[in-house]
4 protein chains.
Amino acid sequence: MSPRTSKQFDRIRQEKKELIMETALELFAENGYHATSISQIAKKAGISKGLTYNYFESKKEILDKLITHGFDSIFESFDLNHDSVLTEEEFIHFIRENFRLLRENLKHWKLFFSLLLQPSVSDNFSKDYAEKGAPMFQMLFSFLKSQGSIDPEGDLMVLSAMLEGAFLYLIVAPEVFPMKIMEEKVINSISRLISTENNSTSKL
Amino acid sequence: MSPRTSKQFDRIRQEKKELIMETALELFAENGYHATSISQIAKKAGISKGLTYNYFESKKEILDKLITHGFDSIFESFDLNHDSVLTEEEFIHFIRENFRLLRENLKHWKLFFSLLLQPSVSDNFSKDYAEKGAPMFQMLFSFLKSQGSIDPEGDLMVLSAMLEGAFLYLIVAPEVFPMKIMEEKVINSISRLISTENNSTSKL
Amino acid sequence: MSPRTSKQFDRIRQEKKELIMETALELFAENGYHATSISQIAKKAGISKGLTYNYFESKKEILDKLITHGFDSIFESFDLNHDSVLTEEEFIHFIRENFRLLRENLKHWKLFFSLLLQPSVSDNFSKDYAEKGAPMFQMLFSFLKSQGSIDPEGDLMVLSAMLEGAFLYLIVAPEVFPMKIMEEKVINSISRLISTENNSTSKL
Amino acid sequence: MSPRTSKQFDRIRQEKKELIMETALELFAENGYHATSISQIAKKAGISKGLTYNYFESKKEILDKLITHGFDSIFESFDLNHDSVLTEEEFIHFIRENFRLLRENLKHWKLFFSLLLQPSVSDNFSKDYAEKGAPMFQMLFSFLKSQGSIDPEGDLMVLSAMLEGAFLYLIVAPEVFPMKIMEEKVINSISRLISTENNSTSKL
DNA sequence: GATGAATGAGTATTCATTCAT
DNA sequence: CATGAATGAATACTCATTCAT
């Protein structure tokens with residue numbers, strides 16, 4: 001007879017919010033933000049349309065929260081702020097971490113990639129993305145130099161492209177590009193990719 | 001005031017059709033298919049909404065025609081069907097051709113990438129894309145083998161990823177990744193990327 | 001920790017009810033009935049939405065109760081049912097009472113006026129309003145006759161209009177029409193407004 | 001077979017626009033802005049909901065256009081900018097004009113009055129209303145002085161109230177307050193209302 | 001008595017598509 | 001061939017009301 005405690009309410013709110021976000025993520029990633037309607041989200045989540053607005057101000061807010069949440073769970077899970085030079089081992093571990101995070105956040109990544117191609121959807125997604133990605137570039141760059149690259153800028157471009165491309169393939173066609181194999185091949189290629197005195201002259 | 005010949009009419013039809021498609025491509029690529037309305041297309045093209053339906057059955061058909069047309073203008077411009085083995089020089093030329101085509105069809109590529117991430121939009125876009133891309137994979141593969149790769153499958157994965165990633169960067173952030181530099185770096189990396197007896201053991 | 005007596009409960013109920021009504025009056029008067037939501041009322045009153053329905057059947061009932069209550073507190077505070085003829089002094093007192101009541105019930109009056117213009121909102125508000133106002137008309141009429149008006153019907157119209165208009169101005173733009181000054185001016189005009197043998201001929 | 005001329009389109013647009021505005025005015029005036037839905041307007045006008053948005057950006061814009069249009073057709077129909085002093089005859093004519101305009105724009109006036117009580121609905125309606133009304137106040141004031149009022153400010157208040165009140169009654173209960181009679185009575189009262197040396201001392 | 005999660009009907013608005021001219 | 005008025009279904013969002021606790 002007594003009303004629910006605020007703790008109970010908090011739990012309900014938390015659970016529902018997550019349910020909505022997960023459902024929305026699934027649909028946004030699969031069909032795109034614009035092609036996904038609140039009705040679809042509500043239906044799939046098994047709730048009423050109205051309830052969605054009990055938890056989120058707007059469809060846009062769901063997207064924004066998904067982005068923030070996605071960034072948090074992906075980028076902030078490893079500390080990229082230490083300046084120390086990575087050993088080969090540490091670097092490999094770092095790359096493997098990236099693959100692991102991709103594996104665990106496939107939907108988020110799919111959403112991110114689609115937003116990259118239409119940054120207008122979420123106003124400063126690109127900026128955030130660039131910011132979040134910057135430390136990674138920095139890390140790749142430092143590592144390349146520490147490994148004796150004679151053209152770290154160029155190597156960085158290629159290495160970044162390779163990683164980004166690998167990610168894209170894994171998201172778009174995971175059945176054609178098995179995650180684990182791709183991971184090994186990429187890791188295996190890194191050393192070869194670095195331009196050193198020895199290999200830089202060997203023009204293709 | 002002699003009546004226009006049917007030839008003239010045909011030309012007018014053809015021009016209008018192209019005008020609509022170009023305009024639609026621009027808007028689809030920039031804002032996405034769903035976020036672009038027929039009104040916007042018509043307005044930007046300087047024609048009436050109704051006229052659009054004189055040339056296309058539906059908004060979807062514009063997209064489909066764009067895809068087909070895009071594939072045609074991109075993939076079929078070089079003949080990928082010859083089985084002969086490519087020399088290094090021919091191969092480099094082939095890669096450069098790809099960059100050139102990207103440069104000339106940036107909008108198409110942007111559209112393609114966004115469709116890759118939302119294949120539902122155009123029902124069998126992914127299939128077409130895979131089909132059109134297959135000969136290229138084949139060519140990369142043959143080339144890798146001809147160059148003495150001891151793991152052509154693995155090298156193919158990495159090489160594909162690198163190219164796809166380069167393309168994505170060039171589309172999404174051309175100001176950060178200058179086209180020409182990227183092209184040189186990629187080409188320069190190919191030889192290093194191939195796993196041969198000499199370099200395969202060098203574990204990172 | 002003895003259980004509250006039913007008397008205490010009643011008092012709590014009464015207080016909550018009044019709290020809700022006051023809050024609703026404020027919002028209805030300021031923003032209109034339709035533009036005011038139950039959520040806003042509850043929030044402003046510091047209670048839950050649900051509780052509102054513990055005291056009122058519906059939003060409409062709050063309005064209706066406000067109207068009834070408003071009529072009660074305004075019209076029934078002075079006894080209009082005595083038939084005796086008013087002296088000048090008594091009449092002036094009566095008019096001053098009206099101004100006083102307006103001052104003390106500005107929100108109610110604002111609400112009343114807006115309902116007058118949209119009687120559909122509360123079904124028979126107009127009827128009630130006319131009924132409640134009737135004795136006042138009667139009183140004005142009797143007074144005008146007792147003062148020697150040779151056209152009491154006409155004078156009544158004008159006097160009513162002047163009073164209603166004064167009230168409207170005081171509600172809508174109290175800063176431009178200071179209450180006390182308006183009151184004096186209106187009272188001062190009443191005698192001049194009555195058409196007597198002496199002034200009726202003076203055509204404007 | 002040939003397309004409609006732009007003249008034909010213009011006429012259609014003009015007519016439909018007026019139809020929508022008239023219908024909206026009717027409903028806004030009767031039921032209020034918030035209580036009137038676009039569906040109702042469309043239904044009553046015999047058109048589809050969508051068409052409304054072919055002619056107006058939003059529901060709010062319909063209201064704003066109605067206000068502007070209403071002001072235009074009411075206030076600007078007589079020139080209030082001449083500074084010359086009005087004779088009695090001219091003044092009476094001016095007042096009669098006001099009643100005529102009220103008669104011809106009853107719905108507009110009803111809408112205006114309801115907006116007066118909820119200025120939030122249309123952001124700066126009150127300001128416009130005050131501005132448009134200012135010249136009329138000025139005219140009343142000048143006239144009162146020219147007629148020898150010894151308290152023109154006070155008389156102005158009362159006269160304004162009388163007019164505004166008369167208007168309100170005519171809008172709200174025209175069957176109880178017949179327009180023509182009210183008009184005569186008001187006009188007849190004006191001279192008596194002016195406080196002169198002769199009548200100012202006669203305290204009620 | 002009190003809470004706020006949940007619902008569903010309703011609202012303003014958009015947009016692909018049709019069609020008379 | 002060309003126009004844009006017209007439609008109707010769909011969309012994001014609101015809100016009075018219910019109800020389990």
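The chains referred to below are lettered A, B, ... by the order of the sequence lines, with proteins before strands, and numbering in each begins at 1. Computed from a predicted structure; not experimentally measured.
Within the 4.0 Å cut-off from OP1 or OP2 of dT14(F), not a single side-chain nitrogen or oxygen of Tyr53(A) is found. For dT14(E), neither phosphate oxygen OP1 nor OP2 lies less than 4.0 angstrom from any side-chain nitrogen or oxygen of Lys49(D). Put simply, Arg13(C) has a side-chain N or O that comes within less than 4.0 Å of OP1 or OP2 on dG1(E).
Contact annotation for Ser48(D): base contact, defined as any heavy-atom pair under 4.0 Å involving a base atom. At a threshold of 4.0 angstrom between heavy atoms, the contacts of Tyr55(D) are confined to the sugar-phosphate backbone, with no base atom among them. Within 4.0 Å of Leu51(C), counting heavy atoms only, lies at least one base atom of the nucleic acid.
Both Asn54(D) and Lys59(C) lie close to DNA chain F; mapped to their nearest nucleotides by heavy-atom distance, the more 5′-ward contact belongs to Asn54(D). Where Gly50(B) and His34(C) meet DNA chain F, the nucleotide closest to each residue was compared, and Gly50(B) sits on the side nearer the 5' end.
Thr23(B) places no side-chain N or O within donor-acceptor distance of the main-chain N or O of Lys44(B), the cut-off being under 3.5 Å. Checked by atom type and distance alone, the side chain of Lys110(C) never pairs as donor or acceptor with a backbone atom of Glu26(C) at under 3.5 Å.
Ring to ring, Phe125(C) and Phe112(C) are close: their centroids are under 6.0 angstrom apart.
Taking a pair as Watson-Crick or G-U wobble with both distances under 3.5 Å, DNA chain F forms stems of 3 or more consecutive pairs at E:2-21 with F:2-21.
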